[in-house]
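Before any comments, here is the structure.
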Amino acid sequence: MTSLLHLDLSGNIFNSSIPNWLYSFSCLEFLDLSGNIFNSSIPNWLYSFSCLEFLNLNSNNLQGTISSYIRNLTSAIKIDLSINELRGKIPRSLGNLCNLREIMLEYNKWSQDISEILESLSGCASNGLEILDLSKAQLFGHLTSERIGQFKNLVELSLRGTSISGPIPESIGNLSSLKFLDLAKNQLNGTLPHSFGQLSKLESLNIDFNMLEGVVFELHFVNLTRLTKLLASQNQLTLEVSHNWIPPFQLQMLVLRSWNLGPKFPSWLCLQKHLRYLDISNTNISDAIPPLFWNLSCHFYYLNLSQNMMYGEIPNIPMIFSFDSMIDMSSNCFKGPLPCISSNVSILDLSNNLLSGSISHFLCYKMNVPKQMQYLDLGKNLLFGEIPNYWTMWQSLTALNLGNNNFTSSIPASIGSLIDLRYLHLYNNTFFGKLLSSLINCKELVTIDIGENEFVGSIPLWIGLRLSNLMILSLCSNNFHGCIPKEVCALTSLQILDLSHNKLAGGIPRCVKNFSAMATNNNSHDAHISYGFSMGMVENEQLGSAVLVIKGQIVEYGTILRLVKSIDLSRNNFSGEIPKEVTSLQGLQSLNLSFNTFIGRIPEGIGVMGLLESMDFFGNQLSGEISPGMSNLTFLSRLNLSNNKLIGKIPLSTQLQSLDASSFVGNKLCRPPLTDKCNLNDVNPHVENKGSKDTSGLKVDWFYVSMALGFVVGFWVLWGPLLLNKQWRILYFQFLDRMEYKLR
């Protein structure tokens, strides 16, 4: 068995340490131990395999450092130690492996200066090294011209996400064999070196998410004839080329998000016949799109033109060759009717434009062909009319946003056939009628946002009984009536409940304590609210959004929506006491019960709701003293208890005394921030007799009792003898007559 040359034990779930019995195979030329669970260091005997040409230890949990004995792997051509927990410094002896062609050290914890690593590899290894991958390796330092320029045979260099900084050296142009260069997600600054134009073999360049600035000219691309992928988003670069520039390359993927390309639309894009992935979002383009560009649209599987000021009409896009294509033209100035879109498009975002007219022709286009659309966002446009009942061919929809338009319609019954629907946004239209029971079939719903409409009726019981995944329920500013059904308390995942501005009545059900997502400090990391696309560069595109009143301001939450926990029952006809069960919702950040007729005391345990940032009880009939526990609400930045019947002292705390006095006016309260000082008449001490139970609910104020008793005793001490003794009365009045005579 010692003559075995090839051994593949990848993915066998070995654990603990690399087994010592492998030592007997000292003549191995190929050893693959990737995908196991080794959690020890690399044994020294492994470095003695002088015949080993291929060593793969990636995707384990190897600890410790690389020994200098690695110099004994003199036959090594490829070494893969990626995705482990290795740390320390990469030994200089690694650079003495003259046969080494590929070294993968990514996803480890080297904590080493990049220039020091390049120096370690600068021995004879630098002459033949073709692939060097140090991505996500926790490095630091600068790339220097002296070090990077010596790897003339490098074909692939990846330093992605290593935290290196400084400028890209001009000597990068000396890497004449380079085909793939990835410097993304670092802190590289300065301008793009002109020497990039010398990399005639370069096929893929990624400098995304750095701090590069300055102007990029035609000279930077002069010899890049083989370039097919250019990813350079999230820098502060400006492209300045002539209007008739003909690029030397034919790109397949181009990402220039947040560059300055405008104000004119870059006409050279119309010459990129093989372009399939294009992102020029937020690039300051204020222009109409040339017709030649739309002719390329059938080739795209990803097109992002969002966050510009492009105008004109969007033509029909009936043909898209790729399935699961994505089109994002949101936040522009496009106008006119909705375009007819290919059935192959899975994600379409036309929100925040000036599109107008009916939606009927859009929905009914090729109405017998099933649509692949998963996400449809037409929000914030000028669309109007009725919503046709033609949704049965849109079975793949998981998110639908028709909010902030001018639709006047009931909810079509066929929307209930969208059994995979998770997000339903109809906010700010004129939808009317009752919530159809057909929505009961949409059991995957996570968000129902139908605020600012004309819906009527009571809150349906099936919302609580069948929609167990619901996290956002916004029915605000409608005409719902009746009480909050107890069935709603079954929504244990609920994080946002907004029933404000309706005609609801009754009390708050005590079962609100079952809102377990609001009772904890844990935030949801489920994909329910953020929706990730597995489409190349697109990650964590946001589908969930909601308009909430937080801290007295209207806020539209998007990216951080999953962090928000809020209840808003304001401007209804709710009554009764605030149940103590509300205080069990200790993850709640905003609680608004204003403009109702709640009575009784503020719950004593409200001080345990330590994450509250906003609390609004304005305009109720709450009475009694403010609970001293409220001084524990250290995150509270907005409080409104005004216009109630509260009495006594405002509890002392830095947070409460820093609030505006308007938070407490319209009560009988004293102590800062109010200017009213507390005196004896303001004091209402609690006297509690522990030996008996006060069944009347009244408290004895001994100050007033003693004052009345003193008055009665004083009266009878003075006037009692005069009333009972006639001789004393005569003497008393004679005394008064003499005093009157003297005064005259």
Here the side chain to side chain donor-acceptor pair (under 3.5 Å) pairs for residues 38-48, sequence neighbours left out, are Asn20-Trp45
Report task. Without swapping roles, check the side chain of Asp113 against the backbone of Ser115 for a donor-acceptor pair under 3.5 Å. Result -> yes
Tell me, do Phe140 and Thr162 make a side-chain contact under 4.5 Å, heavy atoms counted?
no
| query | Do Glu106 and Arg160 meet the salt-bridge criterion of a basic N to acidic O distance under 4.0 Å? | reply | no
| Does the distance from a Lys or Arg side-chain N to an Asp or Glu carboxylate O, for Lys78 and Glu53, drop under 4.0 Å? | no
**Heavy-atom donor-acceptor pair, Asn56 side chain to Asn58 backbone, under 3.5 Å** = yes
Discussion item. Within the structure provided, determine whether Leu212 and Asn189 are in side-chain contact (heavy-atom separation under 4.5 Å).
Written reply: no
Identify whether the distance between the nearest side-chain nitrogen and carboxylate oxygen of Arg147 and Glu119 falls below 4.0 Å. yes
CG (Leu231) and CG (Asp279) are apart, to the nearest 0.5 Å, by 9.0 Å
Could you tell me whether the side chain of Asn235 and the main chain of Leu237 form a donor-acceptor pair under 3.5 Å?
no
* Asked: Do any N or O atoms from the side chain of Asn308 and from the backbone of Thr283 form a donor-acceptor pair under 3.5 angstrom?
  -> yes
Where the side chain of Ser67 meets the backbone of Tyr69, is there a donor-acceptor pair that is under 3.5 Å apart? yes
Note to self: With no hydrogens and no angle check, just 3.5 Å: does a side-chain donor-acceptor pair link Glu218 and Ser242?
What the structure shows: yes
In the structure I gave you, are the side-chain heavy atoms of Ile90 and Gln112 within less than 4.5 Å of one another anywhere?
yes
Could you walk me through whether Glu203 and Lys229 pass the salt bridge (charged side-chain N to carboxylate O under 4.0 Å, His left out) test, one step at a time?
-> CA-CA 6 Å; Glu203 298 175 11; Lys229 294 182 181 179; over 6 Å; no
Are Glu156 and Lys179 close enough for a salt bridge, meaning some N to O gap below 4.0 Å? no
Rounded to the nearest 0.5 Å, the CG atom of Leu192 sits from the CD1 atom of Ile168 at a distance of 5.5 Å
task: Kindly indicate, with the supporting measurements, whether the criterion side chain to side chain contact (heavy atoms under 4.5 Å, CB included) is fulfilled by Asn401 and Leu376.
output: CA-CA 6 Å; Asn401 186 0; Leu376 176 60; over 6 Å; no
Open item on the list: Quick check: do Leu159 and Leu181 have side-chain heavy atoms less than 4.5 Å from each other?
Closed with: no
Ring pair (Phe, Tyr, Trp, His ring centres under 6.0 Å) filter on His274, not counting sequence neighbours, yields none
Taken in chain and number order and not counting sequence neighbours, the residues that satisfy ring pair (Phe, Tyr, Trp, His ring centres under 6.0 Å) with Phe300 are Phe293
* **Any donor-acceptor N/O pair, Gln272 side chain to Leu251 backbone, under 3.5 Å** => yes
